[in-house]
Structure formats: structure tokens, C-alpha cells
Amino acid sequence: MNQKTINIHDKHFAPFIKFEEIDRAVAQIADRMNKELRDKNPLFIAILNGSFMFASDLFHKLDFPCEITFVKLASYSGTKSTETVRQLIGIDEDVVGRNIVIVEDIIDSGLTIERVLTQLRMIGAADIRIATLLYKPNTFKGDYAIDYVGLEIGNDFIVGYGLDYDKQGRNYKDIYKIVE
Ligand code: IMP
Ligand code: MG
């Protein structure tokens, strides 16, 4: 196994995307936002935990009036069914009529964002855009547009730059891919 491989719990991960490449992708998204969102005073809504690093690096590259808030999807079991409900918590700003940009670390099946979209629409957000650092097009099942994509990747499980494997691995600057 190569020297730079990292071990988390029972799994091995090999170097996949260097920070320099991540940073270029973030800068490209920021450049577009600096043009397209300049006069919209958008509210960025970053989905915790995974998106904290991307949200931070993206946000300090923006040079127009904007706001940011952080939310979490809390899982709890409904009282009458065993089905797990994932409720958006932490929305305290007034989203009614606002231009929203959802900030996510990675979109895989697309289900997480679908739930966030439904809940934001329900409380009256005006225009909702989606920004994700990473996108897995082969597994995406959503029927909504993703406005800002940093990098498209394959189906492999990855860690680093905010992304975890069972809570570990978020601290790495580069992104690593699982070794099967
Ligand atoms: P989705 O709902 O299937 O789109 O999954 C989105 C969420 O699953 C992300 O916010 C991540 O927390 C997690 N996720 C998806 N793929 C990966 C991965 O490769 N590594 C770590 N977390 C992932
Ligand atoms: Mg996430």
C-alpha cells in the first residue's frame, strides 16, 4: 500500500483529489457567483456537517453583499410510523422571498437536497439555487437542476475536505478514495 494511503476505522483510502484542484473548482464556482448573484443579496444555506469546509472556502471568495447560515438535517422517528423523518433544523433567518443558495459537500442520490428543497419551498423561499462541490452523476436520481458543480466524480466513496467515513476523516485537506 502506498505511503500516502490513510486508514480510517477498518478501511483504506488512497489520494484522489489534491487541495489545489479542489481550490480551483471552488474559485470557478465563486467567479460565476460573483457575476450571477451580485445584485441578489442571496442567503447561502450550508448543510452541516459535511459542507463546512467548502462553505468557508467558497464564502471568502465572494465579493458582493450576501449572508450565510448553517442548517442540519436531524433524523428522528415519527410517532406513528417507523419511517425516519429528516427535518431541516436551524433556519432562523427569514427565507420568505429570499434568493437562496443551498451549499452541499456532495450530491450522490440527490435525496438529501430534494428534502431540503421541499422544506425551503414550503416556508416560502423565492428562488432556490444549488451549489455542490462534488457530484456523482451516475447515482443521481433527482429531477431538479444543480446550478453550481465543482467536480464530477465516479461512484466511489470518498473522504476528506469535510467529508467523513463514520465521523472520521473530515480534517484532511485533500480528498481520498476508498481502496476496495
Ligand atoms: P444523497 O442524499 O444521496 O445525495 O447523499 C448526500 C449525503 O451523503 C452527503 O451530504 C454526504 O453527507 C453523504 N455522502 C454521499 N456520498 C459520500 C461519499 O462518497 N463520502 C462521504 N459522504 C458521502
Ligand atoms: Mg452532507
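Each ligand, and each atom within it, is numbered from 1 in the order the structure gives. These values consider heavy atoms only, across backbone and side chains, with no hydrogens, waters or symmetry-generated copies.
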Any N/O pair Gly110/ligand 1 closer than 3.5 Å: yes
Any N or O of Ile158 closer than 3.5 Å to N or O of ligand 1: yes
Salt bridge (Lys or Arg N to Asp or Glu O under 4.0 Å) contacts in which one or both residues fall within residues 125-141, not counting sequence neighbours: Asp108-Lys136, Asp127-Arg129
Salt bridge (Lys or Arg N to Asp or Glu O under 4.0 Å) pairs, two or more places apart, involving residues 12-29: Lys18-Asp174, Asp23-Lys61
Backbone of Ile130 reached by a side-chain donor or acceptor of Asp147 within 3.5 Å: yes
Any donor-acceptor N/O pair, Asn34 side chain to Asp63 backbone, under 3.5 Å: yes
As an exercise, identify every atom of ligand 1 less than 4.0 angstrom from a heavy atom of [X].
X      : value
Glu104 : 10 (O)
Lys136 : 16 (N), 17 (C), 18 (C), 19 (O)
Asp105 : 9 (C), 10 (O)
Asp164 : 21 (C)

Location of contacts on Ile113 toward ligand 1, heavy atoms closer than 4.0 Å: neither
Ligand 1-proximal atoms of Ile106, by part, heavy-atom distance under 4.0 Å: both
Atom pair CG (Asn41) and CG (Asn99), whose distance is rounded to the nearest 0.5 Å: 8.5 Å
Distance flag, aromatic centroids of Phe70 and Phe52, threshold under 6.0 Å: no
